[in-house]
Amino acid sequence: MENDIGLWSVLIAVLGGAIRVGTPFIFVSLGECLTEKAGRINLGLEGNLIMGAMTGYAVSYLSGSPWLGVLAAGSSGCVLGILHALLCQNKQVNDIAVGIAMMLFATGIAFFYGKAFIQPSAPHLPSIGFGNWSSSPVIKAALDINVLFFLGVALAPAMAWFLRTTRWGNAVRVVGESSDAALSLGMNINRVRLLSTMAGGGLAGIGGSYLSLYYPGSWSEGLSSGQGLMAVALVIFARWNPMNCLYASLLFGGAAALGPALQSVGINWGYYLFNAAPYVLTLVIMIAASSAKGTVRGMPGEFVK
Amino acid sequence: MTEQPILEALSICKQFGDVRVLNNISLKLGRGTVHALLGENGAGKSTLVKCIMGYYRPDDGQLLFEGREAQIVSPEQATALGIGMVYQHFTLIPNMSIAENIVLSRPNLPAVINWPAEISQLEQRMGEMPFQFELRRSINSLSAGEKQKVEIIKQLLLNAKVLILDEPTSVLTPTEADEVLDKIYQLTRDGKLSVLIITHKFREVMKYADDVTVLRKGEYIGSAKVADVDPEKLAKMMVGEETLTQAPSRASHKNRRCVVQIDKLTVNNEQGLAAISNLDLELYAGEIIGIAGVSGNGQKQLTEVLGGQRAPLSGQLRVNGQAFGASRREMVEHQFYCLPEEPLRNACVANLSVADNIALRKFDSPAFTSMKWIVKRKAIRDFALDLIQQYKIRTAGPEQNIGALSGGNVQRAVLARELAQALSVLVVSNPCFGLDFKAVADIRARLLEARNQGTAVLLLSEDLDEILELSDRFFVISGGQLVYQTTPQEADLQTIGRYMGGH
Ligand SMILES: Nc1ncnc2c1ncn2[C@@H]1O[C@H](COP(=O)(O)OP(=O)(O)OP(=O)(O)O)[C@@H](O)[C@H]1O
Ligand SMILES: [Mg+2]
């Protein structure tokens with residue numbers, strides 16, 4: 001009986017962790033998915049995430065409204081996305097290199113302006129307590145779910161619908177699948193990519209505000225642990241499908257919650273090992289998804305050339 | 001025809017950088033006619049039709065559509081007017097279905113697409129189309145010939161009144177070409193469609209076209225009724241007084257030395273299925289061995305293995321008696337070179353200059369480096385300039401990106417690179433694909449020349465006439481196996497046709 005409760009609370013804690021840790025992944029991976037659908041890779045989303053976390057926290061602190069913070073974080077991500085897209089429009093410029101530069105640039109800026117906000121505490125985003133029926137604090141904590149999570153969950157099918165059925169969404173796909181075809185249809189490739197990268201960057205920024213305004217819930221320089229970069233692997237794993245991005249994000253979140261969940265029931269050995277679970281998962285996925293011959297299924301055609 | 005032409009281009013001029021590509025070109029397309037546009041590689045044919053489509057903006061000139069001046073600034077607008085074009089290189093989206101490709105090309109697409117309704121509408125109209133397709137099939141699963149047909153019905157379903165075809169038959173077998181052109185021709189007879197077609201094949205011009213216009217090096221040479229001209233006259237209009245390269249006669253070689261031995265070669269394709277199984281082949285010095293066959297029977301994989309672009313599953317490859325892995329060192333050591341099909345994709349770096357591409361084989365050899373490590377740019381440039389002249393490659397200069405050359409000129413540049421050294425083995429795949437007749441004569445002469453010098457040549461070609469003209473003996477490949485061997489002298493076309501068909 002003792003054991004039973006232990007197992008249950010681990011499961012619930014992992015589920016809760018999947019939601020809590022997975023939420024920023026949902027935003028960043030959907031953002032990356034949209035950008036890549038248009039035929040560009042933005043490795044700078046890690047920078048958008050950190051920048052979003054800082055701006056969101058600062059604006060929430062200064063204005064007193066966490067939602068204004070989210071808005072500001074999204075806007076800062078859009079600006080970074082536009083910058084990335086504009087730089088990539090020049091001939092002889094490589095989107096991967098620009099992404100890395102943008103990541104370092106945005107991180108630097110965020111650390112510089114963020115110094116002032118490390119101490120004060122800003123108002124947090126609200127959450128809904130789905131675990132209030134239970135007396136167990138573990139369950140209560142695990143089922144305390146943030147509103148942004150529901151936004152992310154709604155966003156995935158919305159993006160899938162957008163890409164499949166709207167004119168704009170299909171323009172994104174055409175540009176990402178074949179620039180020759182896009183040109184022959186008279187599409188403005190640069191504009192489509194600019195808008196996609198901007199929107200994708202904005203989503204990553206919102207993901208960042210979640211980090212500072214909800215979980216872990218304060219602004220510091222060590223806030224992100226590479227979520228922005230892992231999102232790139234996640235999109236490959238998700239085969240460029242928004243719904244899969246959602247599931248994959250939750251899987252990553254669950255993996256990250258494994259260590260703390262086990263610790264909460266008193267299993268202490270291998271704590272650091274379990275904490276490495278998401279990174280190990282990333283590697284395993286990359287190896288499993290790779291192929292010596294041919295290309296990965298679902299990959300936008302522009303990357304194959 | 002005294003009737004008003006449906007489409008008229010007047011004094012079109014176009015310049016890329018300092019290079020004049022079109023100089024005062026005019027053209028009249030009569031309603032319900034087929035109009036052929038002829039010219040050498042790089043004459044400006046594709047550029048002219050792209051100006052008509054609004055893909056490029058002409059620097060000067062005027063377009064009249066149905067008698068009224070039309071300012072076409074984008075292909076979308078051309079489509080909306082009823083002008084459709086099938087480009088020289090496919091513009092279908094490989095990862096999408098036929099239906100998606102057609103619907104997404106529609107101008108004035110609604111903001112939210114109702115896929116079921118769109119597809120059922122297309123299905124209803126499929127009946128009027130000259131070719132039938134299952135609309136849900138993915139473009140990836142189509143052969144080259146099928147893609148060409150889809151490109152055409154896409155334009156018809158978009159209600160094209162004028163259809164521009166840029167070398168539509170270069171990827172088709174002669175039978176397929178006739179099938180496609182027959183259907184198109186029929187559509188023009190009732191006046192609903194007018195066609196402007198670019199081709200290098202005089203046979204097609206004589207059989208299907210009503211009128212013909214000839215360009216040469218960006219200049220307008222003339223237009224005529226096809227009934228009033230013959231291929232000889234057209235050839236003369238295309239190249240002027242220049243003479244064709246004479247093919248050298250075949251030198252006979254006494255001692256037949258075996259240079260390449262392929263033993264039980266098995267190769268898989270991307271899907272992991274056998275593309276070539278247990279293939280044995282020997283190449284001798286001073287001999288052209290032909291491989292005839294319909295495309296997609298393993299030719300591509302064979303060229304890739306020989307060119308080091310694909311690892312075989314099993315089997316042995318020996319050159320001069322030694323095992324050969326197609327590494328760069330081995331290629332230099334055995335003077336083994338390869339010209340794959342679609343050279344721009346398979347053997348060039350599109351974003352590098354013509355000079356760099358021509359020097360790809362050699363830039364690290366002593367003649368082009370000082371102290372082993374430093375590449376001498378000037379040596380590369382001079383080398384390239386020399387070959388550009390020898391092979392008459394039409395470029396703005398050695399610094400131009402090779403991706404901007406016309407299709408035929410890319411082919412020449414790569415061939416120049418491969419032939420520019422002592423050769424003992426040469427593998428070529430469809431070397432004359434998309435070339436004008438003068439370039440064809442030129443390149444065939446060079447291949448025979450190499451053979452006479454003692455090179456072992458393996459010629460893979462979908463053009464049976466080319467095989468019959470060039471090879472000393474040849475095989476038919478079908479389903480990844482060499483199913484028949486004969487010589488051009490003893491060849492019986494019916495037997496060959498049967499083996500090519502896989503029976
Ligand atoms: N985008 C471009 N930039 C610079 N030069 C170009 C560009 N497109 C074409 N050219 C040049 O214009 C000339 C005409 O090219 P075009 O493609 O119209 O020839 P073509 O008659 O269609 O030849 P082919 O039979 O080989 O297809 C060539 O010399 C080519 O190098
Ligand atoms: Mg052309």
Side-chain angles (χ1 to χ4, degrees), chain A residues 33 36-39 88 90-97 157-192 195 239-241 290-305, chain B residues 50 53-56 72-80 84-96 100-101 103-118 139-140 151 154-155 158 166 267-272 304 309-311 313 344-345 350-352 401 403:
Chain A
C33 182
E36 292 193 15
K37 273 285 184 191
C88 287
N90 298 306
K91 285 209 173 79
Q92 323 266 333
V93 167
N94 174 285
D95 51 352
I96 306 264
M159 188 181 287
W161 178 83
F162 168 78
L163 288 170
R164 202 177 51 240
T165 40
T166 66
R167 183 174 70 217
W168 286 15
N170 278 288
V172 170
R173 279 169 62 210
V174 171
V175 165
E177 288 291 349
S178 159
S179 50
D180 282 343
L183 282 177
S184 78
L185 297 179
M187 287 180 180
N188 185 338
I189 295 181
N190 277 336
R191 198 176 66 199
V192 174
L195 292 174
R239 297 274 183 260
W240 293 269
N241 174 332
S290 73
S291 143
K293 307 180 203 89
T295 51
V296 182
R297 196 163 39 82
M299 183 189 289
E302 278 292 291
F303 299 137
V304 183
K305 282 210 293 198
Chain B
K50 282 180 178 169
M53 281 303 289
Y55 187 98
Y56 291 143
I72 302 179
V73 294
S74 90
E76 196 183 3
Q77 199 188 344
T79 312
M85 169 156 166
V86 176
Y87 290 80
Q88 190 166 3
H89 305 284
F90 290 124
T91 54
L92 295 171
I93 303 158
N95 289 335
M96 292 191 187
E100 284 177 295
N101 266 281
V103 173
L104 295 181
S105 316
R106 222 180 82 187
N108 313 321
L109 207 60
V112 175
I113 302 165
N114 183 347
W115 282 110
E118 294 281 355
I139 300 296
N140 279 325
E151 292 267 21
K154 175 173 118 184
Q155 296 306 331
L158 292 170
D166 195 350
V267 185
N268 277 359
N269 63 12
E270 283 79 4
Q271 285 80 41
E304 284 175 351
Q309 293 176 315
R310 182 185 286 268
L313 195 66
L344 186 59
R345 250 188 68 190
N351 290 331
L352 283 184
N401 274 358

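Keep in mind that the numbers below use all heavy atoms, side chains included, and drop hydrogens, waters and symmetry copies.
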Listed by chain and number, what are the ring pair (Phe, Tyr, Trp, His ring centres under 6.0 Å) partners of B:Tyr55, not counting sequence neighbours? B:Tyr87
What's the shortest heavy-atom distance between A:Leu183 and B:Pro75, and which atoms? O-CG, 3.6 Å
Chain A shares the most heavy-atom pairs under 4.5 Å, among B:Ala311, B:Ser74, B:Pro110, with B:Pro110
Closest heavy-atom contact between B:Asn108 and B:Glu76? N-OE2, 4.3 Å
Residue by residue, scan residues 185-192 of chain A and write down, ordered by number, those that have a heavy-atom distance under 4.5 Å to chain B; if none do, write 'none'. A:Leu185, A:Gly186
What's the shortest heavy-atom distance between B:Asn101 and B:Ile93, and which atoms? OD1-N, 2.8 Å
For B:Glu100, is it the side chain, the backbone, both, or neither that has a heavy atom closer than 4.5 Å to a heavy atom of chain A? side chain
Chain B contacts, top residue of A:Ala181, A:Ser178, A:Pro300, A:Gly169 (heavy-atom pairs, under 4.5 Å): A:Ala181
Taking B:Glu151 for its side chain and B:Thr91 for its backbone only, find out whether a donor-acceptor pair lies under 3.5 Å. yes
CG (B:Asp166) and NZ (B:Lys50) are apart, to the nearest 0.5 Å, by 7.5 Å
What is the distance from atom CE of A:Met299 to atom CZ of A:Arg239, rounded to the nearest 0.5 Å? 8.5 Å
Where is the tightest heavy-atom contact between A:Glu36 and A:Trp240, given as atom of each residue plus distance? OE1-NE1, 2.7 Å
Proximal component of B:Met85, with respect to chain A [non-hydrogen, under 4.5 Å]: neither
Nearest heavy-atom pair of A:Ser179 and A:Glu302: which atoms, and what distance? N-OE2, 2.8 Å
Contacts of residues 157-164 of chain A with chain B (heavy atom under 4.5 Å): A:Trp161, A:Arg164
From B:Phe90 CZ over to B:Ile139 CD1, what is the distance, rounded to the nearest 0.5 angstrom? 10.0 Å
Suppose we screen for salt bridge (Lys or Arg N to Asp or Glu O under 4.0 Å). Which residues come up paired with B:Glu118, at least two apart in sequence or across chains? B:Arg106
Exercise: identify the closest heavy-atom pair between B:Asn351 and B:Asn401: O-OD1, 3.3 Å
Which atoms of B:Pro107 approach chain A - backbone, side chain, both or neither, heavy atom under 4.5 Å: neither
Chain A contact via B:Thr79 - which portion, at a heavy-atom distance below 4.5 Å: neither
